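Below is one structure, written out as C-alpha cells, with a few remarks after it.
Throughout, numbering of the chain's residues begins at 1 and tracks the sequence. Keep in mind that what you see is a predicted model, and the values were worked out from it rather than measured.
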Amino acid sequence: MAVEKMSIAKALNESLRKALEQDPKVLIMGEDVGKLGGVFRITDGLQKDFGEERVIDTPLAESGIVGTAIGLALRGYRPVVEIQFDGFVFPAYDQIVTQLAKMHARALGKVKMPVVVRIPYGGAIGAVEHHSESPETLFAHVPGLKVVSPSNATDAYWMLQQAILSDDPVIFFEPKRRYWDKGEVDTEAIPGELHKSRVVREGADLTLAAYGPMVKVCLEAAAAAAEEGKSVEVLDLRSMSPVDFDGIQASAEKTRRLVIVHEAPVFLGVGSEIAARITERCFYHLEAPVLRVGGFHAPYPPARLEDEYLPGLDRVLDAVDRSLAY
C-alpha cells in the first residue's frame with residue numbers, strides 16, 4: 001500500500017501524470033496548461049516531462065479546444081481538456097452538447113468519445129465575474145454526458161483516472177475552493193465505481209447529501225448538529241449524471257429525512273431532480289419533505305457579497321432544524 005498525504009490539486013496532478021505514463025494516447029490540452037502548468041498549477045511539470053505534443057498550450061478558444069479534442073478522439077486519442085474557469089466553458093457549450101454528447105448515438109454505437117473536460121468550478125475564492133460559476137446542471141441535463149465532481153484528494157486522484165478510461169465523454173468538475181485541502185491518498189487502492197455515492201459520516205436522524213465543495217460544509221454541519229444531540233448522516237453524491245438514486249434512497253429510508261446541498265442555484269438544480277425522485281421512491285418512509293439548500297436564482301455576485309450568496313454552515317443547519325421540526 002502506497003499512502004501519501006496530498007492536496008486535491010496535487011492528487012489531480014499525480015493522476016494526470018499516471019494517465020500520461022500508462023497510455024501514450026492520452027493528451028492534455030488547454031490554455032496555459034503547458035509552460036505555466038495551469039492557473040491553479042494542476043498540470044505543473046507535465047509538459048516538461050512529457051513534451052509539447054502531449055501537453056498542449058492552446059489559443060484562447062474554448063470552442064476550438066473542445067472541437068479539436070473531438071477530432072482527436074475520432075482518431076483514437078484520449079484528450080483531457082482543461083477549461084481555465086467555469087464561466088469560460090460557454091463558448092464551447094455548443095461543441096459539448098451538439099457534437100461531443102451526441103456522437104456515440106449518432107454513429108449507432110460505432111464511435112466512442114473518450115474525452116474528459118476538466119472544469120474548475122464554484123466560488124469562495126474572491127474572484128471576478130465569470131470565475132465562480134456552478135453550471136453542472138446544464139451538463140447533467142444533456143444525455144450522453146457523464147458529470148462528476150470529487151470532494152477529497154482520494155476521489156480526485158481515482159475519479160480522474162476513471163474518467164480518462166471512460167469511452168464516454170466526462171465533464172469533470174473540480175471544486176476550486178478545495179484545491180488546497182489535503183487528505184491521504186492510497187495510489188495502489190482499488191477504486192470504487194465512478195458513479196456510486198458514498199456515506200462519509202454515519203447518522204440516524206437525517207441525511208445531508210452533497211457533492212464537490214459542499215461535502216466539507218455538510219460534514220461541519222453534522223459535527224455541529226452532533227453537539228446538540230442530532231445524528232446527521234453525510235452522503236457524498238460524487239456524480240451528478242448518472243445519479244446514484246439507489247444509494248440516496250437507502251440513506252433516506254434509513255434516516256427518514258433528506259436535505260440536499262449544492263452551491264448552484266436551488267431553482268432547477270441537481271437537487272431538484274433528486275428531491276422529486278426520492279419523494280416518488282420514499283414517500284411512505286419520509287418524516288419530512290425533502291429540502292434543498294443552494295445558491296440564489298441570481299447572477300453570481302461580486303466577491304464582497306459571495307459569502308451571502310453561497311450556502312454556508314448556518315443555512316445548512318437551518319434546513320436541518322426545519323426538517324427535524326416536522
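Tested against Val234, the residues Val200, Thr207, Leu206 include a single side chain to side chain contact (heavy atoms under 4.5 Å, CB included) partner, Val200.
Side-chain N or O atoms of Ser151 include none that pairs as donor or acceptor with a backbone N or O of Gly212 at under 3.5 Å. Listed for the Ser251 side chain is no donor-acceptor partner under 3.5 Å among the backbone atoms of Glu233. A distance-only check finds no donor-acceptor pair linking the side chain of His195 to the backbone of Ser239 [under 3.5 Å]. In this structure, Asp181 contributes its side chain and Asn152 its backbone to no donor-acceptor pair below 3.5 Å. A distance-only check finds a donor-acceptor pair linking the side chain of Thr43 to the backbone of Gly37 [under 3.5 Å]. Side-chain N or O atoms of Ser7 include none that pairs as donor or acceptor with a backbone N or O of Trp180 at under 3.5 Å. One N or O on the side chain of Arg41 and one on the backbone of Gly38 form a donor-acceptor pair closer than 3.5 Å. Arg238 places no side-chain N or O within donor-acceptor distance of the main-chain N or O of Met159, the cut-off being under 3.5 Å. No donor-acceptor pair closer than 3.5 Å links the side chain of Asp167 to the backbone N or O of Lys112. Formation of a donor-acceptor pair under 3.5 Å by the Glu263 side chain with backbone atoms of Gly123 is found in this model.
Look at Glu306 and Arg177 and you find no salt bridge, because none of the NZ, NE, NH1 or NH2 atoms lies under 4.0 Å from a carboxylate O. With salt bridges taken as basic N to acidic carboxylate O contacts below 4.0 Å, none links Arg257 and Asp205. Electrostatic pairing of Asp86 and Lys176 counts as a salt bridge here, judged by a charged N lying under 4.0 Å from a carboxylate O. For Arg281 and Asp246, the salt-bridge test passes: some basic side-chain N is under 4.0 Å from an acidic carboxylate O. A salt bridge is absent between Arg198 and Asp244: the closest approach of a Lys/Arg side-chain nitrogen to an acidic carboxylate oxygen does not fall below 4.0 angstrom. Ion pairing of Asp49 with Arg54 is absent here, as no side-chain N (NZ or NE/NH1/NH2) approaches a carboxylate O to less than 4.0 Å. Salt-bridge annotation for Glu14 and Lys18: absent, with no side-chain N of the basic residue lying under 4.0 Å from a carboxylate O of the acidic one.
Here Met113 contributes atom CE and Gln99 contributes atom CD; the two are 9.5 Å apart, rounded to the nearest 0.5 Å. Going from atom CD of Glu184 over to atom CG of Asp186 covers 9.5 Å, rounded to the nearest 0.5 Å. Here the CG atom belonging to Leu100 is positioned 5.0 Å from the CD1 atom belonging to Ile70, to the nearest 0.5 angstrom. In this structure, CG on Leu145 lies 5.0 Å from CD1 on Ile171, to the nearest 0.5 angstrom. Atom CD1 of Ile56 and atom OG1 of Thr68 lie 9.0 Å apart (nearest 0.5 Å). Separation of atoms OG1 (Thr187) and CD (Glu4) is listed at 7.5 Å; rounding is to 0.5 Å.
Residues Val261 and Phe267 do not share a hydrophobic cluster, clusters being chains of Ile/Leu/Val/Met/Phe/Trp/Tyr side chains in contact below 4.5 Å. Linking ILVMFWY residues whenever their side-chain heavy atoms come closer than 4.5 Å, directly or via other members, leaves Phe40 and Met6 in distinct clusters. Cluster annotation: Leu310 is connected to Phe296 through the hydrophobic network of ILVMFWY side chains, with a link wherever side-chain heavy atoms come within less than 4.5 Å.
In plain terms, the two heavy atoms of Glu188 and Trp158 that are nearest each other are N-CZ2, 4.0 Å. Of all heavy-atom pairs spanning Glu31 and Pro59, the tightest one is CG-O, 3.6 Å. The heavy-atom pair separating Ala275 from Arg292 by the smallest distance is CB-CD, 4.3 Å. The two residues Ala92 and Glu62 come nearest to each other via the heavy atoms CB-O, 3.5 Å. Taking each heavy atom of Leu235 and Gly247 in turn, the nearest pair found is CD2-O, 4.2 Å. Nearest heavy atom pair, residue Pro114 against residue Arg78, reads CB-NH1, 3.1 Å.
Enclosure of atom CD in Glu52 is not indicated, since only 12 or fewer non-hydrogen atoms of other residues, nucleotides or ligands lie within 6.0 angstrom. Summarising the local packing, CD of Glu129 is surrounded by 12 or fewer heavy atoms from other residues, nucleotides or ligands at distances under 6.0 Å. The number of heavy-atom neighbours closer than 6.0 Å to OH of Tyr93, taken from other residues, nucleotides and ligands shown, is above 12.
Aromatic ring orientation, Phe85 versus Phe88: perpendicular (interplanar angle above 60°, classes split at 30° and 60°).
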* Going through the distances and angles, do Val259 and Val232 end up as a side chain to side chain contact (heavy atoms under 4.5 Å, CB included)? -> CA-CA 10 Å; Val259 176; Val232 174; over 6 Å; no
* Given Glu174 and Tyr121, is the side chain to side chain donor-acceptor pair (under 3.5 Å) satisfied, shown in steps? -> CA-CA 6 Å; Glu174 300 170 5; Tyr121 80 120; over 6 Å; no
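For the pair Val185 and Val3, the minimum side-chain heavy-atom distance is 4.5 Å or more.
Taking the ring axis of Phe172 as reference, the NZ or CZ atom of Arg118 does not stay both within 45° of it and closer than 6.0 Å to the ring centre.
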